[in-house]
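Start at 1 and go down the list; that is how both ligands and their atoms are numbered.
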Amino acid sequence: MVRWVPKKGLQIAIDGPSGSGKGTVARLLAERLGMPVLDTGLLYRLVGWLMKREGVDLEDEQAVTNRAGELLDEIEWDAQGIRFRGELLDGCLRDEEVGRAASRVAAMEGVRKMLLGLQQQVAQQGCIMDGRDIGTVVLPHAQAKFFLTASQRERARRRWSQLQRSGEDVDLDQIHADIKMRDQRDAARKYAPLKPADDAITIDSTTMRVDQVVDRMLAIMERRGLIEKASSTTG
Ligand code: DC
């Protein structure tokens with residue numbers, strides 16, 4: 001498989017709605033390029049999860065922002081994942097309920113501002129970062145920006161099959177409705193709404209396999225001189 005060498009300090013921003021495949025694409029790209037990948041959704045999921053755990057009213061923006069601020073120092077976030085008070089969290093952040101809470105706290109300006117510095121600091125040495133506002137707000141100077149999308153039905157289907165595999169019995173129409181609601185909230189929010197950066201390349205993955213998406217991104221970055229082939233072996 002062809003391996004690639006990225007330019008030193010390369011920042012690759014991948015944004016898009018839920019179910020667009022950004023997480024999978026980011027991980028595969030990271031393997032091909034030998035770069036760290038950072039999932040910013042984990043930050044919002046952690047804040048959502050903590051607020052629910054502590055019973056903080058999600059309608060009360062000030063209370064959420066204050067509490068999140070107090071907890072920020074206890075969060076460690078890197079390419080391995082996210083830790084709270086030293087404990088690596090994953091499964092508990094992935095369920096639908098936490099996703100809904102994440103989407104609500106992510107609409108709060110104070111919460112977003114608080115997490116902005118952390119994201120910019122972690123990205124300094126170069127990385128692949130995926131989220132909703134990476135190309136527009138977090139890393140406006142990223143050398144490569146991609147906006148991944150797919151039809152709502154296809155994104156719902158992908159999420160549904162992912163949840164089925166992890167043993168959750170869920171209804172496809174319910175997932176579709178949830179995705180629709182979350183899309184609206186993410187796109188309509190005043191601060192850092194979900195939208196492609198002016199200089200982002202949009203890729204619609206509705207009818208593409210994930211490896212095709214990755215190959216297209218690699219080809220674009222090679223053309224721009226951001227990555228180059230390291231070696232070529234078979235197998
Ligand atoms: O990608 P995800 O499903 O893990 O994201 C969880 C929520 O966080 C989702 O509603 C969108 C929000 N989010 C955001 O607003 N900005 C980001 N950079 C990442 C996620």
Side-chain angles (χ1 to χ4, degrees), residues 11-27 37-52 58 61 64-65 68 72 75 77-79 81-82 84 89-123 127-140 142 145-150 152 154-156 158-163 166 168 170 175-197 200 205:
Q11 293 178 328
I12 303 173
I14 305 180
D15 290 304
S18 44
S20 58
K22 354 177 250 319
T24 313
V25 163
R27 271 194 306 279
V37 58
L38 288 142
D39 171 3
T40 59
L42 283 179
L43 292 168
Y44 296 94
R45 284 177 180 269
L46 179 65
V47 173
W49 178 76
L50 282 170
M51 296 306 133
K52 286 193 81 68
L58 292 179
E61 182 161 347
V64 172
T65 309
L72 193 62
I75 297 175
W77 173 65
D78 59 25
I82 197 154
F84 179 65
L89 302 176
D90 188 51
C92 64
L93 301 183
R94 297 280 172 200
D95 71 38
E96 285 299 284
E97 207 188 326
V98 173
R100 276 193 288 274
S103 168
R104 294 181 63 182
V105 302
M108 299 177 183
E109 182 173 357
V111 171
R112 301 199 73 88
K113 281 193 168 152
M114 203 153 34
L115 297 175
L116 181 61
L118 173 62
Q119 294 169 81
Q120 291 174 331
Q121 189 191 331
V122 172
C127 66
I128 300 168
M129 192 170 263
D130 80 87
R132 305 291 191 286
D133 61 339
I134 310 306
T136 49
V137 176
V138 180
L139 304 176
K145 297 183 186 177
F146 296 100
F147 191 84
L148 263 192
T149 183
Q152 260 178 0
E154 173 60 14
R155 290 189 283 122
R158 290 178 191 171
R159 181 79 186 125
W160 175 81
S161 75
Q162 191 183 34
L163 289 168
S166 62
E168 279 192 56
V170 282
I175 301 267
H176 191 161
D178 257 18
I179 285 204
K180 199 168 166 185
M181 191 187 69
R182 213 173 299 172
D183 276 3
Q184 274 161 2
R185 194 183 291 144
D186 290 344
R189 69 180 175 225
K190 214 165 74 205
Y191 192 70
L194 172 68
K195 62 164 193 203
S205 72

For ligand 1, which atoms sit closer than 4.0 Å to a heavy atom of [X]?
X: Y44; value: 8 (O), 13 (N), 14 (C), 16 (N), 17 (C), 18 (N), 19 (C), 20 (C)
X: S103; value: 10 (O)
X: G41; value: 4 (O), 5 (O), 19 (C), 20 (C)
X: R182; value: 10 (O)

>> For M114 versus T65, what's the shortest heavy-atom pair and its separation?
In response: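 Shortest heavy-atom separation between M114 and T65 comes out as CE-O, 3.7 Å.
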
>> Testing the basics here: between V37 and A26, what is the closest heavy-atom pair and its distance to 0.1 Å?
In response: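 Between these two residues, the closest heavy atoms are CG2-CB, 3.5 Å.
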
>> Tell me the contacting part of R185 for ligand 1: side chain, backbone, both, or neither, using a 4.0 Å heavy-atom threshold, strictly below.
In response: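 For R185, no heavy atom sits under 4.0 Å from ligand 1.
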
> Which bit of L194 gets closer than 4.0 Å to ligand 1, counting heavy atoms only: side chain, backbone, both or neither?
Replying inline: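 No part of L194 comes within reach of ligand 1.
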
Does any part of the side chain of [Y], heavy atoms only, come nearer than 4.5 Å to the side chain of [X], both counted from C-beta?
X: Q152; Y: H176; value: yes
X: L194; Y: P17; value: yes
X: S205; Y: R155; value: no
X: R94; Y: V98; value: no
X: R158; Y: E154; value: yes

Could you identify the single nearest non-hydrogen protein atom to [atom] and state the distance to 0.1 Å?
atom: atom 19 (C) of ligand 1; answer: T40 OG1, 3.3 Å
atom: atom 12 (C) of ligand 1; answer: A106 CB, 3.7 Å
atom: atom 7 (C) of ligand 1; answer: A102 CB, 3.8 Å
atom: atom 16 (N) of ligand 1; answer: R112 NH2, 3.0 Å
atom: atom 9 (C) of ligand 1; answer: R132 NH2, 3.5 Å
atom: atom 3 (O) of ligand 1; answer: R45 NH2, 2.9 Å

Sequence neighbours left out, cut at 3.5 Å: what donor-acceptor pairs do the side chains of residues 40-52 make with other protein atoms?
{"from": "T40", "atom 1": "OG1", "to": "D130", "atom 2": "O", "distance (Å)": "2.6"}
{"from": "Y44", "atom 1": "OH", "to": "R112", "atom 2": "NH2", "distance (Å)": "3.4"}
{"from": "R45", "atom 1": "NH1", "to": "L93", "atom 2": "O", "distance (Å)": "2.8"}
{"from": "K52", "atom 1": "NZ", "to": "E97", "atom 2": "OE2", "distance (Å)": "3.3"}

> For ligand 1, is there an N or O atom under 3.5 Å from any N or O atom of D133?
Replying inline: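 Yes: some nitrogen or oxygen of D133 is under 3.5 Å from one in ligand 1.
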
> Does any N/O atom on R189 come nearer than 3.5 Å to any N/O atom on ligand 1?
Replying inline: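 It does: an N or O of R189 is found under 3.5 Å from an N or O of ligand 1.
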
> Which residues satisfy the side-chain hydrogen bond (donor to acceptor under 3.5 Å, both in side chains) test with R104, sequence neighbours excluded?
Replying inline: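 E59.
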
